[in-house]
Amino acid sequence: MPTLLVLLMVSSVFTADPSAATEEFGIDEKAVSYSGFQVWSITVRSNGEHKLLRQIIEQYDVEVWKEQKTDKAAITELLVAPQVQRVLKVKLTEADISYGIKINDLHTVIDNGNAKHNMSSLNTKTGHSMDWTKYHRLADIYGYLNYLASTYPSRVELINIGTSYEKRPLYVVRIFNRSSSVVKPAVWIDGGIHAREWISPALATYIIRQLVEVPANEALLCNVDWFIMPVMNPDGYEYSHAFNRLWRKTRSVTSWTSCRGVDPNRNFGYKWGGLGTSTNPCSDVYKGTRAFSEPETFATSNFIKGKASSIKLYLTLHSYGQAALIPWGYNVVYPSDYSDMLELAKSAVSKFTKYRYRVGNAAAIYYPAAGGSDDWAKSIGIKYSYTFELSDTGAYGFLLPASNILPVCQDFFPALDVFAAKVATMKV
Ligand SMILES: *[C@@H]1O[C@H](CO)[C@@H](O)[C@H](O)[C@H]1NC(C)=O
Ligand SMILES: *[C@@H]1O[C@H](CO)[C@@H](O)[C@H](O)[C@H]1NC(C)=O
Ligand SMILES: [Zn+2]
C-alpha cells in the first residue's frame, strides 16, 4: 500500500499530541542527503497516458516538481528517489511512456549550487554583505534591510509586520518619497513564500537595491510606492539552507509529529482547501488546519488588507518554469477583467531579452491550486495580481546555480517600468 495512503488513514484516526513534536525535532536536525536522487521529465500526449502516469506517481509516492501543459502535451517533472528508479523505469516502459533524466545526481548539483556558507562577511565598501553572486542566508538579507533603513531614511521604511512560527521577524520594506505627503498607488512584491525557491528572495532583494541605491531608478518612486517583502517564509528559508535544500513549506508543528509545515501558498483565504491541496500534513501542498493558520500568511494578509485601497498590483515571485501566471488559480476560471491582466503581463514580459516567459491563466498552464496568495489578492480587489515563476525551465529547477542570479535579476528588472507606469495611472 502506498505510504501516502497509510499516512492519510492513520492521521485521520489519531490526533498526535503537538507538544511531542519538539522532542521529535531532533530527527529532523540532521541535514537531508539527496545522494542518488534524480529529476525525470516525462511527456505524455494523451489523457490515457496522463492517467497511467498519475497512477504510477501515486503508487510509488513520487514527488512532482512541476506539471505544465501545452496544446498537445503535458510535461511532468519528478523527483525520483534511488530506491524507486528501477521499478519506475519498468512501469513507464510497460506503459510506453518515454522519459528523460534531467538531473542525474541531485546531491552533486546541490553541492555545486551554493558554496556552503554562514553569514557572509561585511563588505566595508558597500556597508553590507549582499553581492547577489550567491544565495544569501537570512542574516545577510535582514542585515541588508536594516542597513538600507538606517542609510536611506528619506526613502526606506522597514516595517516589522509580525513574527514567524519560530519567532523570526517578518519584514516589509516600504520604498517611497518620505517628503511627499501625497498618498500614491502602490506595488506589492513578495518573495520566498516557498523556501527552496532561492532565486525568489534573491530577485526581491535585487529589486530593493535597484529602487533604493541606484539613482537612475529614482523616477520609479515619483508616482508609485513600493512594498516589498523579500522573505515571507523565513523559517522555511533557513531550514532549506541548513537542513533540507528541498524544503518548501513553513515549519509549524502539525497534528502529525514527524511531518512539519504548511504550504503557505495553499493557506490563503480564498477558495481555501479546494483543488490541488492536501489534508495530509506530510504533503508538500498541505493546506493547514484553516485559512491563515500560519503566522506568516496571517501577518502578510493583514498588512495587505490594511493597504488594500492603495495597493494596485500584487506580484509574488516563485520558481520555476518561466511563466507569468494570472488568476484564477483555484480552477480554470477567468476574472471578468482577465484581458486587462493579460495585456499588462504580456507587456511586462516583453521587456525580457534573455529569458522567454509564457503568460496565461495559472490553472490552465500549470494545474489548479486553491489557497494561493495571488487568488486571495485578486479576491480582495487588487486588480493586477500575478505569480511569476522565475528561471529556469527545468535544467536545474529549484537548484538554479548561483551564477544565474544576476542574469535573471537584470533581465527582470525592466519589467517593473511597465508595472509602475500602469499603477501610476490608477486612482487611490
Ligand atoms: C559555519 O558555522 C558552523 C557552526 O558555527 C561552522 O562549523 C562552519 O565551519 C561554518 N562554515 C563556514 C563555511 O564558515
Ligand atoms: C519627493 O517629494 C518632494 C515633495 O513633493 C519633491 O520635491 C521631490 O522632488 C520628490 N522626490 C522624488 C525623487 O520624486
Ligand atoms: Zn513556489
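Numbering of ligands and ligand atoms starts at 1, following listing order. Count residues from 1 along the sequence.
At least one N, O or S atom of E197 sits under 2.8 Å from the Zn ion (ligand 3).
Side chains of S373 and Y314: a donor-acceptor N/O pair is present below 3.5 angstrom, by distance only. Between the side chains of N146 and H128, no donor N or O sits under 3.5 Å from an acceptor N or O.
Less than 4.0 angstrom separates atom 7 (O) of ligand 2 from none of the non-hydrogen atoms of the protein. For atom 2 (O) of ligand 2, a protein non-hydrogen atom is found at a distance below 4.0 Å.
With ligand atoms numbered from 1 in the order given, ligand 2 contributes 14 (O) to contacts under 4.0 Å with heavy atoms of C222. Atoms of ligand 2 found under 4.0 Å from any heavy atom of S179, numbered from 1 in the order shown, are 1 (C), 2 (O), 3 (C), 4 (C).
The Zn ion (ligand 3) is closest to atom ND1 of H194 (considering only N, O or S atoms). The atom of H318 that is an N, O or S and sits closest to the Zn ion (ligand 3) is ND1.
Relative to the ring axis of F419, K422 does not place its NZ or CZ within 45° and under 6.0 Å from the centre.
Looking at atom 14 (O) of ligand 2, its nearest protein heavy atom turns out to be N177 ND2, 3.3 Å.
Taking the six-membered ring where tryptophan is involved, the planes of F352 and Y357 are tilted, since the angle between them lies from 30° to 60°. The aromatic rings of F243 and Y239 lie tilted to each other, with the angle between the two planes from 30° to 60°.
Between the side chain of N361 and the main chain of V333, a donor-acceptor pair closer than 3.5 Å is present.
Inter-residue side-chain proximity for S293 and N267 is flagged as met; some heavy-atom pair is nearer than 4.5 Å.
Among the atoms of E218, none of the N or O lies under 3.5 angstrom from an N or O of ligand 2.
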